**Student:** 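Sharing a structure here in structure tokens format.
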Amino acid sequence: MVEIIFSNKKEKKDIVKVGLVFGKINKNYLANFFDRDELDLLISLAKRENFKAEKNEILATKTKNADLVLIATDTKPSAYDFEVLGAKLYSAFKDKQKICVYAQSVANTKIKTAEIAYNIALGFEMSSYSFDKYFTTKKVQSCPKLETVVFAAKNKVISKDGYKDYAALATGVRYARDLTNEPSNQLTPAIMADDIKRLEYLGLKVEVLDKKAMHEKEFNLALSVAQGSANEPRIVILKYIGNPDKQDFDLGLVGKGVTFDSGGISLKPAAGMWDMKQDMAGSAAVVGAMKTLALQKLKLNVVAVVGLVENMPSGTATRPGDVVRSMSGQTVEILNTDAEGRLVLADCLWYIQQEYNVKKLVNIATLTGAILVALGKEMAGIMGNNQGFINNIVKAGNQSNEKVWQLPLTKEYNQMINSSIADMKNISEGRYAGSITAGCFLQRFIKKDVKWVHIDMAGMDNVDKPKPLYPKGASGFGVRLFNQLMKNM
């Protein structure tokens with residue numbers, strides 16, 4: 001992790017100096033930071049190399065004291081473009097000890113100098129993440145050398161204080177990634193609950209329900225998933241009160257936290273089962289978003305519930321064909337024990353509505369493989385009961401670049417989960433519309449006066465090949481989307 005510093009001074013020695021160019025070299029601006037000889041050298045080189053200042057074009061040279069770099073960006077870049085630029089700078093210069101980036105405003109856009117600097121810095125933080133705690137030996141040369149990134153701008157328009165909301169977001173994403181990357185033997189439901197409990201130092205109120213309390217409150221569906229495992233389940237409730245003058249909660253969040261999913265009696269194939277340690281990524285997104293919220297101190301009241309269980313086969317495990325009475329009183333015929341996430345979510349959704357009277361509610365989960373077939377690994381699927389609320393989340397997804405795509409919930413799909421011996425079954429019996437019927441199942445646990453959206457993030461939790469802002473491994477998907485949604489609220 002690199003140290004981010006905001007300064008208004010010229011850096012002189014042993015440094016990479018990076019200037020940004022938007023369509024043409026702004027000599028007057030760059031003269032504020034590059035020495036006269038350095039700037040003359042760059043301009044001379046630009047003429048000689050026919051530097052056109054086109055997007056992603058780079059001009060670089062060396063002097064005795066520093067590496068000099070000009071990087072051209074789009075003439076109308078977005079905030080996200082600057083994040084990506086930060087990630088590319090990290091990749092290009094991670095073997096240097098220190099670099100300095102000179103930020104400047106862009107004509108004809110609403111992006112200010114400070115936002116440019118802060119988004120580039122966020123790009124550095126997002127891309128420099130690594131999860132290497134279990135290596136017992138690591139070659140020194142494989143570790144990035146970059147320790148410090150200095151951002152400089154005119155007139156003291158950037159500061160550490162101005163960056164704090166961006167830093168909070170980076171912290172929340174890293175926390176979600178850390179949780180999701182953990183192996184299941186190191187992150188049982190009890191261990192994860194204890195880790196979340198530590199967030200009370202930020203002012204969050206955190207309550208943990210153990211197995212006994214879950215029985216008392218009738219989390220019967222969640223308990224049915226957990227009953228085959230030696231690792232006992234937990235329910236964790238997080239409350240953030242940013243507007244104490246208001247009694248109600250502005251938003252409720254629910255996350256699926258299956259810390260390992262073997263499929264239970266409906267056992268998964270062995271190939272790829274190791275990835276099922278990440279079946280708690282929805283809960284990681286929720287707690288990462290709550291951590292970010294607490295650090296940013298937004299003026300909102302938000303309550304979150306995550307259901308933490310392990311789904312294992314054993315002599316005590318739920319059998320296909322069992323019928324369980326949910327907390328809502330509705331009965332569920334469990335045809336497939338590998339459709340367990342919706343069972344955990346159903347009780348959590350009912351509980352958060354009953355206990356906290358939320359009227360806007362979002363749940364997130366790595367719920368179905370079918371959503372991968374439909375959307376691949378480019379965006380998550382969403383469904384809901386209120387188009388306006390759905391639109392708000394689509395907008396937040398576009399703004400945060402954690403994009404979502406709406407799927408339908410209609411009576412025809414809902415009828416596919418009717419059971420002949422109970423109120424519903426946990427899967428439809430055909431191959432089709434698996435993601436939608438899972439959404440229909442969850443909708444049966446939503447009260448009529450509650451605006452609700454379900455996000456199926458299966459496939460978005462993990463990055464197979466590194467991307468500019470996403471190293472290989474857990475992505476932390478959902479934290480940015482929720483944070484943007486809450487900021488918009």
Side-chain angles (χ1 to χ4, degrees), residues 1-4 79-91 115 118-133 144 149 163-182 187 192 195-196 198-199 202 204 238 240 253 255 257 278 280-298 302 304 306 362 364-366 377 379-380 393 396-404 455 457 459-464 466-488:
M1 190 173 135
V2 295
E3 180 186 15
I4 305 293
Y80 185 76
D81 288 333
F82 286 114
E83 281 190 59
V84 172
L85 176 60
K88 289 181 177 179
L89 287 173
Y90 173 76
S91 179
E115 292 177 85
Y118 299 152
N119 279 289
I120 294 174
L122 182 58
F124 271 95
E125 294 211 61
M126 291 284 289
S127 60
S128 62
Y129 170 86
S130 64
F131 187 80
D132 53 12
K133 65 186 285 188
V149 182
Y163 182 65
K164 64 182 180 181
D165 279 0
Y166 297 82
L169 180 58
T171 297
V173 172
R174 283 197 301 270
Y175 184 49
R177 288 176 177 178
D178 282 345
L179 289 173
T180 310
N181 277 323
E182 282 287 351
L187 196 76
M192 185 169 174
D195 201 89
I196 298 170
R198 294 186 306 107
L199 298 181
L202 294 173
L204 291 168
L238 304 91
Y240 171 79
L253 300 176
Q278 295 196 348
M280 38 58 67
S283 62
V286 167
V287 296
M290 293 297 286
K291 184 173 186 177
T292 301
L293 174 63
L295 287 166
Q296 291 179 341
K297 296 181 172 58
L298 297 183
V302 182
V306 293
V362 186
I364 187 167
T366 48
K377 303 193 74 170
M379 58 183 72
I393 292 176
N398 290 334
Q399 289 172 316
S400 64
N401 210 57
E402 292 194 332
K403 296 181 180 180
V404 295
I455 302 175
M457 60 171 285
M460 301 304 295
D461 58 306
N462 187 62
V463 177
D464 299 323
K467 299 178 181 179
L469 297 171
Y470 299 93
K472 184 178 179 180
S475 67
F477 181 93
V479 176
R480 295 172 64 112
L481 190 156
F482 284 143
N483 183 245
Q484 188 63 56
L485 174 66
M486 289 186 280
K487 281 191 166 185
N488 291 349

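If you're wondering where the values come from, they're calculated on a predicted model, not measured in any experiment. Heavy-atom basis, side chains included; hydrogens, waters and symmetry copies ignored.
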**Student:** Do any N or O atoms from the side chain of Glu402 and from the backbone of Leu481 form a donor-acceptor pair under 3.5 angstrom?
**Tutor:** yes
**Student:** Looking only at non-hydrogen atoms, find the nearest pair between Pro468 and Ala87 and report the distance.
**Tutor:**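 Heavy atoms of Pro468 and Ala87 come nearest at O-CB, 2.8 Å.
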**Student:** Could you pull out the closest heavy-atom pair between Tyr240 and Ala294, with the gap in Å?
**Tutor:**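 Heavy atoms only, the tightest pair is CE1-CA, 3.8 Å.
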**Student:** Measuring from atom CE of Met486 to atom CG of Leu293, what distance do you get when rounded to the nearest 0.5 angstrom?
**Tutor:**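 The CG atom of Leu293 is 4.5 Å from CE of Met486, to the nearest 0.5 Å.
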**Student:** Just verifying a value: how many Å separate Phe124 CZ and Leu85 CG, rounded to the nearest 0.5 Å?
**Tutor:** 8.0 Å
**Student:** Report the C-alpha separation of Phe482 and Thr292 in whole Å, then their side-chain angles, then the decisive distance to 0.1 Å, and conclude whether the side chain to side chain contact (heavy atoms under 4.5 Å, CB included) test is met.
**Tutor:** CA-CA 10 Å; Phe482 284 143; Thr292 301; over 6 Å; no
**Student:** Is Lys487 atom NZ crowded by more than 12 heavy atoms from other residues, nucleotides or ligands, each under 6.0 Å away?
**Tutor:**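 Enclosed.
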**Student:** Under 6.0 Å from the NZ atom of Lys88, do we count more than 12 heavy atoms belonging to anything else shown?
**Tutor:** no
**Student:** Verify, without hydrogens or angle tests, whether Asn119 (side chain) and Glu115 (backbone) share a donor-acceptor contact under 3.5 angstrom.
**Tutor:** yes
**Student:** Looking at every heavy atom in both Tyr163 and Tyr118, which two are closest together, and how far apart are they?
**Tutor:** CE1-O, 3.4 Å
**Student:** To the nearest 0.5 angstrom, please state how far the CG atom of Asn483 sits from the CD atom of Gln399.
**Tutor:**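 One gets 11.0 Å once the value is rounded to the nearest 0.5 Å.
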**Student:** Give the minimum heavy-atom separation between Phe477 and Met460, together with the two atoms involved.
**Tutor:**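 For Phe477 and Met460, the tightest heavy-atom pair comes out as CB-O, 3.4 Å.
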**Student:** Quick one, Lys403 with Asn398, criterion side chain to side chain contact (heavy atoms under 4.5 Å, CB included). Give me CA distance, side-chain angles, the key distance, then yes/no.
**Tutor:** CA-CA 5 Å; Lys403 296 181 180 180; Asn398 290 334; 3.8 Å; yes
**Student:** Rounded to the nearest 0.5 Å, what separation is found between the CE atom of Met126 and the CZ atom of Arg177?
**Tutor:** 4.5 Å
**Student:** Are any of the side-chain nitrogens in Glu83 or Arg480 under 4.0 Å away from the carboxylate oxygens of its partner?
**Tutor:** yes
**Student:** Under a plain distance cut-off of 3.5 Å, with no hydrogens placed, do Gln296 and Tyr166 share a side-chain donor-acceptor pair?
**Tutor:** no
**Student:** Give a yes-or-no answer on whether the side chains of Asn181 and Tyr129 include a donor-acceptor pair shorter than 3.5 Å.
**Tutor:** yes
**Student:** Which of these passes side-chain contact (heavy atoms from CB on, under 4.5 Å) with Leu253: Ile364, Val306, Val286?
**Tutor:** Val286
**Student:** Could you state the interatomic distance from OG (Ser130) to NZ (Lys472), rounded to the nearest 0.5 Å?
**Tutor:** 14.5 Å
**Student:** Taking all non-hydrogen atoms of both residues into account, name the closest pair between Asn462 and Ser475 and its distance.
**Tutor:**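 Closest approach of Asn462 to Ser475: N-OG, 4.2 Å.
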**Student:** What I'd like to find out is whether the side chain of Met290 reaches to under 4.5 Å of the side chain of Leu202, using heavy atoms alone.
**Tutor:**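 No, their side chains stay 4.5 Å or more apart.
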**Student:** What are the two closest heavy atoms between Ala176 and Gly476, and how far apart are they?
**Tutor:** CB-CA, 4.0 Å
**Student:** Once you round to the nearest 0.5 Å, how far does CG of Asp81 lie from CD1 of Ile120?
**Tutor:** 10.5 Å
**Student:** One pair to check against side chain to side chain contact (heavy atoms under 4.5 Å, CB included): Lys377 and Asp464. What are the steps and the verdict?
**Tutor:** CA-CA 10 Å; Lys377 303 193 74 170; Asp464 299 323; 3.1 Å; yes
**Student:** Looking at Leu187, is its backbone amide N or carbonyl O close enough to the side chain of Glu182 to form a donor-acceptor pair, meaning the two atoms are under 3.5 Å apart?
**Tutor:**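 No.
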**Student:** Pick from Leu204, Ile196, Val479: which one makes a side-chain contact (heavy atoms from CB on, under 4.5 Å) with Val287?
**Tutor:**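 Of the listed residues Leu204, Ile196, Val479, the side-chain contact (heavy atoms from CB on, under 4.5 Å) partner of Val287 is Ile196.
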**Student:** Could you go through the side chain to side chain contact (heavy atoms under 4.5 Å, CB included) check for Phe131 and Thr180 one step at a time?
**Tutor:** CA-CA 10 Å; Phe131 187 80; Thr180 310; over 6 Å; no
**Student:** State whether Asp178 and Lys133 are salt-bridged, where the test is any N-O pair (Lys NZ or Arg NE/NH1/NH2 against Asp/Glu carboxylate O) under 4.0 Å.
**Tutor:** no
